Chemist: 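Have a look at the structure that comes next, please.
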Number of protein chains: 2
Amino acid sequence: MPTDEQLRDDAAARLRAAGLRVTAPRVGVLVALERESHADADTVARHVRTSLGAVSTQAVYDVLHALTEAQLLRRIEPAGSTARYETRVGDNHHHMICRGCGVIVDVDCSGAAPCLVPAHAHGFDVDEAEVTFWGRCPACQNDDDTRDKENG
Amino acid sequence: MPTDEQLRDDAAARLRAAGLRVTAPRVGVLVALERESHADADTVARHVRTSLGAVSTQAVYDVLHALTEAQLLRRIEPAGSTARYETRVGDNHHHMICRGCGVIVDVDCSGAAPCLVPAHAHGFDVDEAEVTFWGRCPACQNDDDTRDKENG
DNA sequence: TCCGCTTACTTGACTGGTTCCAGAAAAGGG
DNA sequence: CCCTTTTCTGGAACCAGTCAAGTAAGCGGA
């Protein structure tokens, strides 16, 4: 587990590399998302406030937009949920989401996957295939089993 | 192209088969989505009002929920868009979305696609793999070409 | 054919996530 | 260290979708 300082330094370096100014809220947002990936705007805001004190909701949204624009963050919008953000960018990995508790887990793209090119492209110029796996995480499966037994 | 009456009769039959009451708003919603697939709630409401007169927004939302629950409709929520609905259910097909104009096209699942089972399931019990292809439709590609030439 | 139970629809107020606006503050190049 | 550009603040607005209570209508049974 890296220290907060290491995360902040790394975040600052990434901001500079992207040609963006280094500000406390931006660093805070990046650190928050290193600590808790797939967080939504509100969760990020709470994390940032914990470490920095008062930060406006607006600033958080602006930062999330700016960093997404600069490709330092990736924004995902699972069905039935608000927008979530992650710092893992550039590898087009996919996500697996639990229908029970909503937890999101990264899934590596299985490589040269044949189904990532549609059977009939209808003339489309496809640049991304987004795959979301829906199911139940181990913990929620356990809950299901327990409930099944209780209910006979 | 089937007539409105054929669509209405068919819609009523599907409602009865699902054990749901046949009401004008419900039939109207099904017909609207046969006519224009992947429409959002507001678009559906406008279609229904055109054919039936006044129908409350609330009724449209209720009907969309009830029919989705009964699996007569499928709800999709593409990133950056409000929820959309389609009458094609039960075959887990996928979607291709144009980044330019937002048009949504159905794409058949390519069958026993290996990538539809994640490489590492992390103990998840996966029941659905949702695939969304992002790109540009032929019309928007033409627009791009035209703009490129104009701008040198 | 009518009755009445149950479900569906209407109206209106409201929430939660997100964005827009105008002005104040701060980062960084020169 | 100042000036310009960019970012942050606070407040108000926006929209899809929800909640609650009362009215209307479908449909099974008499």
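Chain A is the first sequence line, chain B the second, and so forth, proteins listed ahead of strands; every chain is numbered from 1. This one's a predicted model, so the numbers in the text were calculated from it and none came from an experiment.
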Chemist: Rounded to whole angstrom units, what separation is found between the OH atom of Tyr85(A) and the P atom of dG17(C)?
Modeler: 13 Å
Chemist: To the nearest Å, give me how far apart CD (Glu69(B)) and C1' (dT7(C)) are.
Modeler: 15 Å
Chemist: Leu64(B) CG to dG17(D) P: how many Å, rounded?
Modeler: 9 Å
Chemist: Roughly, in whole Å, what's the span from CZ in Arg26(A) to P in dT6(D)?
Modeler: 11 Å
Chemist: Answer yes if the side chains of His94(A) and Glu130(A) hold a donor-acceptor pair under 3.5 Å, and no otherwise.
Modeler: no
Chemist: Within less than 4.0 Å of OP1 or OP2 of dC8(D), is there a side-chain N or O belonging to Thr23(A)?
Modeler: yes
Chemist: I need the CZ-P distance between Arg49(B) and dC9(C), as an integer number of Å.
Modeler: 13 Å
Chemist: Mapping Arg16(B) and Asp40(B) to their closest nucleotides on DNA chain D, which lands nearer the 5' end?
Modeler: Asp40(B)
Chemist: Say whether Ile76(A) and Ile76(B) are linked into one hydrophobic cluster, either directly or through other cluster members, by side-chain heavy-atom distances under 4.5 angstrom.
Modeler: no
Chemist: For dG17(D), does either OP1 or OP2 sit under 4.0 Å from a side-chain N or O belonging to Tyr61(B)?
Modeler: yes
Chemist: Within less than 4.0 Å of OP1 or OP2 of dT18(C), is there a side-chain N or O belonging to His65(A)?
Modeler: no
Chemist: Provide, to the nearest angstrom, the distance between the CG atom belonging to Asp62(A) and the P atom belonging to dT19(C).
Modeler: 10 Å
Chemist: So if I apply the side chain to side chain contact (heavy atoms under 4.5 Å, CB included) rule between Val27(A) and each of Leu7(A), Val63(A), Leu15(A), Leu52(A), which one comes out positive?
Modeler: Leu15(A)
Chemist: I want to confirm an ordering. Mapping Leu20(B) and Ala41(B) to their closest nucleotides on DNA chain D, which one lands closer to the 5' end?
Modeler: Ala41(B)
Chemist: Which nucleotide wins on minimum distance to the side chain of Val63(A), given the candidates dT18(C), dC8(D), dG28(C)?
Modeler: dC8(D)
Chemist: Starting at the 5' end of DNA chain C, which residue's closest nucleotide do you reach first, Ser56(B) or Arg21(B)?
Modeler: Arg21(B)
Chemist: In whole angstroms, how far is the P atom of dA20(D) from the CD atom of Gln58(B)?
Modeler: 12 Å
Chemist: Base, sugar-phosphate or nothing for Ala54(B)? Non-hydrogen atoms, less than 4.0 Å.
Modeler: sugar-phosphate
Chemist: Following the transitive rule for hydrophobic clusters with a side-chain heavy-atom cut-off under 4.5 Å over Ile, Leu, Val, Met, Phe, Trp and Tyr, establish whether Leu72(B) and Tyr61(B) coincide in one cluster.
Modeler: no
Chemist: Please give, in whole Å, the distance from dG16(C) C1' to Arg46(A) CZ?
Modeler: 14 Å
Chemist: Are Tyr85(A) and Arg74(A) packed together at the side-chain level, in the sense that at least one heavy-atom pair is separated by less than 4.5 angstrom?
Modeler: no
